[in-house]
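Presented below is the structure to which this report refers.
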2 protein chains.
Amino acid sequence: MSTKEGTSGTLGHPEVTTERHGDLFDANCPTRLLLDRVGSKWTVMIVLLLADGEELRFGALRRRMPGVSQKMLTHTLRQLEDDGLAHRRVEPTSPPAVHYSLTALGDTLVGPLRELKRWAELNMGAIDTLRTAAIKARHDQ
Amino acid sequence: MSTKEGTSGTLGHPEVTTERHGDLFDANCPTRLLLDRVGSKWTVMIVLLLADGEELRFGALRRRMPGVSQKMLTHTLRQLEDDGLAHRRVEPTSPPAVHYSLTALGDTLVGPLRELKRWAELNMGAIDTLRTAAIKARHDQ
DNA sequence: CGGGATCCGTATTGATACTG
DNA sequence: CAGTATCAATACGGATCCCG
């Protein structure tokens, strides 16, 4: 998630002009583009909160996401909106009320993300144990 | 889900010294822990390359991953190893040969990641188009 | 060949403060 | 309430040199 905005960035990066390796993985790999978004700290959380047709206001989202700053929440929502994954509906009332929901496209992402979440809940405990042990072992030796 | 919006007026400090939480999503959320790893730039690529029992040497991995630096490759592999997702086998030959493969645990992650990859390949094109259009629209107006 | 150690730029995130 | 604008910290990723 270091690659900034997808727009032809001026990354001090050697141009990948050749494809002589002919491999499945490349710089323009869509998976990486997705992971740059999904890897963002709050994206998945928002998508999962808006799943199942849930429509939440800015403040409601914020309350459900402990630790998020309003700047990051705004930023991530904007990103999701620009990607066509989330929809933003503004009610021009006295204090403006902004509702967020998933688009049809965004909804299709819920499945894969839920599976990932399920995997995490099942295995992250084990991983954390293994990790601690491994590091301790290296430190020991 | 619970549409309860309690007036939790206490704007607590960001100090997360204790496990003071009350929501489903929190810092100790396993999903976030997983995404911190998966969101890393090269993790998914490595896991997918090592899928299906593939065992690859350091150099082989590197050759298949255009743009990766040896530092990041080493770092990511070490992380995967510590997490118990990858296995490292050293052959103490004249020039040392190090082979990497997935553990049983690591293998179970392949499925969810493949699904994510499939989604990406199907939809990232559309997303990129939408994103460009959205940004242009905002800039236009 | 594999990888440790170091220096370094910058993207990402966060903490305020201010606006309509 | 929802959002923008600044400023500051840091973690991420890359380049390079060196070692067994």
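Chain naming here is simple, since letters A, B, ... match the order of the sequence lines and numbering starts at 1 in each.
- Using a 4.0 Å heavy-atom distance criterion, A/R88 is classed as a sugar-phosphate-only contact.
- One atom, CD of A/Q70, and another, P of D/dG3, lie 10 Å apart when rounded to the nearest Å.
- Under the 4.0 Å criterion applied to side-chain N and carboxylate O atoms, A/E115 and A/R118 are not assigned as salt-bridge partners.
- Put simply, CZ on A/R89 is 17 Å from P on D/dC1, counting in whole angstrom units.
- Note on A/R78: only backbone sugar-phosphate atoms sit closer than 4.0 angstrom, heavy atoms only; bases stay farther off.
- Rounded to an integer number of Å, the gap from CE of A/M72 to P of D/dA2 is 18 Å.
- Between A/D82 and A/R37 there is no salt bridge, since none of the side-chain N atoms of the basic residue sits less than 4.0 Å from a carboxylate O of the acidic one.
- A residue-by-residue look at A/S69 and B/T74 shows that B/T74 has its nearest nucleotide of DNA chain C further toward the 5' end.
- B/L85 has its side chain out of reach of B/T43: every pair of non-hydrogen atoms, C-beta onward, lies at least 4.5 Å apart.
- For B/Y100, a side-chain nitrogen or oxygen approaches OP1 or OP2 of C/dG3 to under 4.0 Å.
- With rounding to whole Å, A/W42 atom CH2 is found 9 Å from C/dT13 atom C1'.
- Pairing each heavy atom of B/Q70 with each of B/F58, the nearest pair is O-CZ, 4.0 Å.
- Rounding to whole angstrom units, CG of residue B/D36 and C1' of D/dA11 are separated by 11 Å.
- Applying the 4.0 Å criterion to OP1 and OP2 of D/dC1, one finds that A/R57 has every side-chain N and O outside that range.
- Comparing A/P96 and A/K71 against DNA chain C, the residue whose closest nucleotide sits nearer the 5' end is A/K71.
- D/dA2 atom C1' lies 12 Å from atom CZ of A/R63, rounded to whole Å.
- Taken from CE in A/M65 to SG in B/C29, the straight-line distance is 11.0 Å, to the nearest 0.5 Å.
- Rounded to whole Å, the distance from CG on B/L77 to C1' on C/dG4 is 14 Å.
- Taking atom CG of residue A/L73 and atom P of nucleotide D/dC1, one finds them 14 Å apart after rounding to whole Å.
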